[in-house]
2 protein chains.
Amino acid sequence: MAKLDGIKEIKIADDVFAALAHPMRRQILLSIHHRGTAKAGDIAARFDCTWPTTSRHLATLVESGLLSAKKQGRERIYSANSDLLSDLLHRWAAHFE
Amino acid sequence: MAKLDGIKEIKIADDVFAALAHPMRRQILLSIHHRGTAKAGDIAARFDCTWPTTSRHLATLVESGLLSAKKQGRERIYSANSDLLSDLLHRWAAHFE
DNA sequence: ATATTATTTAGCTATCTTGCTAATTATTTT
DNA sequence: AAAATAATTAGCAAGATAGCTAAATAATAT
């Protein structure tokens, strides 16, 4: 569990909880975590909305730190930063115990 | 850790994560949890916005299930449903481990 | 070089959220 | 009964979010 100072913690909480507030983003995140990695197209194919909409949700998740993206040829490979999320959730849960 | 069926779980996650997405609501929640209970006025006094704004955040938190309210005379006493939150956060963290 | 494929960015509209002030409800005090 | 107190609800404007289609970028294949 990484040590973080207060300000950074607040900023992360802000971005992460905002990212988690959308159901499709939560599903995307779970999906990528379980698959290990996924191309944008894999995700776009799995959801019932247009590719640009998916693309923006992916960007939001990357912005929040919950996903990482790397370009590979013309594809973009996303992977979940699961530790960041599970650490944050545990830290917040701990506040309420 | 309460047993919940899938649909209910999704509904709760939706409401709870949306409620947590606002920094003031997170602070309100922490504040009430630590104090045990608080009157609306206690909370309103602690934050740098108008009472109606606070009141709406409180209503959002109640709606999400994260707070409970009971009327006592002309005051309204709020308390945090900490278990609901910590259970949900642990369950979500577990998905990413 | 051209066409195709993978994906994002731009631009638009509709809806949701947040904050405010003013008005209202409910309860207690005088 | 009137005034005061605690809190919410109504109504509005500003800003954010989410979805879409169309256009752009970047890389590969022909």
Side-chain angles (χ1 to χ4, degrees), chain A residues 10-32 35-81, chain B residues 10-32 35-81:
Chain A
I10 286 167
K11 170 82 173 91
I12 289 177
D14 228 52
D15 289 350
V16 168
F17 284 122
L20 292 177
H22 196 289
M24 182 175 169
R25 284 193 296 261
R26 290 197 304 276
Q27 284 183 252
I28 289 174
L29 197 57
L30 278 171
S31 169
I32 294 178
R35 302 157 62 89
T37 61
K39 295 178 285 176
D42 295 335
I43 302 301
R46 245 161 200 74
F47 290 89
D48 192 26
C49 69
T50 63
W51 194 323
T53 294
T54 302
S55 193
R56 188 156 47 177
H57 284 308
L58 287 167
T60 300
L61 285 163
V62 169
E63 181 77 12
S64 77
L66 290 173
L67 288 183
S68 294
K70 67 178 174 193
K71 237 173 131 167
Q72 202 162 84
R74 65 185 145 183
E75 296 173 343
R76 230 156 276 193
I77 313 288
Y78 290 91
S79 57
N81 297 137
Chain B
I10 286 167
K11 170 78 173 91
I12 289 177
D14 227 53
D15 289 350
V16 168
F17 284 122
L20 292 177
H22 195 289
M24 182 176 169
R25 283 193 297 260
R26 290 198 303 277
Q27 284 183 253
I28 289 174
L29 197 56
L30 278 171
S31 170
I32 293 178
R35 302 157 62 88
T37 60
K39 294 178 285 175
D42 295 336
I43 302 301
R46 245 160 200 73
F47 290 89
D48 193 25
C49 70
T50 62
W51 194 325
T53 295
T54 302
S55 193
R56 187 155 48 180
H57 283 308
L58 287 169
T60 301
L61 286 163
V62 169
E63 181 76 11
S64 76
L66 290 173
L67 289 184
S68 295
K70 66 176 174 193
K71 236 173 132 168
Q72 202 163 84
R74 64 185 145 184
E75 297 173 342
R76 231 156 276 193
I77 312 289
Y78 290 90
S79 57
N81 297 136

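So you know, we letter chains A, B, ... as the sequences are listed, proteins then strands, and number each from 1.
For the atom pair CZ of A:Arg25 and CG of A:Leu29, the computed distance is 10.5 Å after rounding to the nearest 0.5 Å. Between B:Tyr78 atom OH and B:Ile43 atom CD1 the span is 9.5 Å, to the nearest 0.5 Å.
Between D:dA7 and B:Tyr78, no contact under 4.0 Å exists linking OP1 or OP2 to a side-chain N or O. Here A:Thr53 does not reach the OP1 or OP2 of D:dA18: none of its side-chain N or O atoms lies under 4.0 Å away. Contact between the side-chain N/O atoms of B:Ser55 and the OP1/OP2 oxygens of D:dA7 is not found at any separation under 4.0 Å. Applying the 4.0 Å criterion to OP1 and OP2 of D:dA27, one finds that A:Lys71 has a side-chain N or O inside that range. The phosphate of D:dT17 has neither OP1 nor OP2 within less than 4.0 Å of any side-chain N or O from A:His57.
Between A:Ile28 atom CD1 and C:dT7 atom P there is a gap of 13 Å when expressed in whole angstrom units. To the nearest angstrom, C1' of C:dG19 lies 17 Å from CH2 of B:Trp51. Distance CD (A:Glu63) to C1' (D:dA18): 16 Å, rounded to an integer number of Å. Rounding to whole angstrom units, CD of residue A:Gln72 and P of C:dT5 are separated by 20 Å. Rounded to whole angstrom, the span from the NZ atom of A:Lys39 across to the C1' atom of C:dT8 amounts to 17 Å. Between B:Phe47 atom CZ and C:dG19 atom P the separation is 12 Å, expressed in whole Å. Atoms CG (B:Leu58) and P (C:dG19) sit 12 Å apart, rounded to a whole Å. Counting to the nearest Å, the P atom of D:dT17 and the CZ atom of B:Phe17 are 18 Å from each other.
Here the shortest heavy-atom pairing between A:Leu61 and A:Ala19 reads CD2-CB, 4.2 Å.
Using a 4.5 Å heavy-atom cutoff, the side chains of B:Ile32 and B:Leu58 are in contact. Residues B:Asp14 and A:Arg26 are in side-chain contact: their nearest non-hydrogen atoms beyond the backbone lie under 4.5 Å apart.
Residue A:Thr60 is the one, among A:Arg76 and A:Thr60, whose nearest nucleotide of DNA chain D lies closer to the 5' end (criterion: closest heavy atom). Sequence order on DNA chain C of the closest nucleotides to A:Arg56 and A:Arg74 puts A:Arg74 first from the 5' end. Comparing A:Cys49 and A:Glu75 along DNA chain D, the residue whose closest nucleotide (by nearest heavy atom) sits nearer the 5' end is A:Cys49.
Closest to the side chain of B:Arg25, from the set C:dT18, D:dG19, D:dA27, is C:dT18. Distances were taken from every side-chain heavy atom of B:Thr50 (C-beta onward) to each of D:dC20, C:dT21, D:dT8; the shortest belongs to C:dT21. The side chain of B:His22 lies closest to C:dG19 when the candidates are C:dG19, C:dA10, C:dT27.
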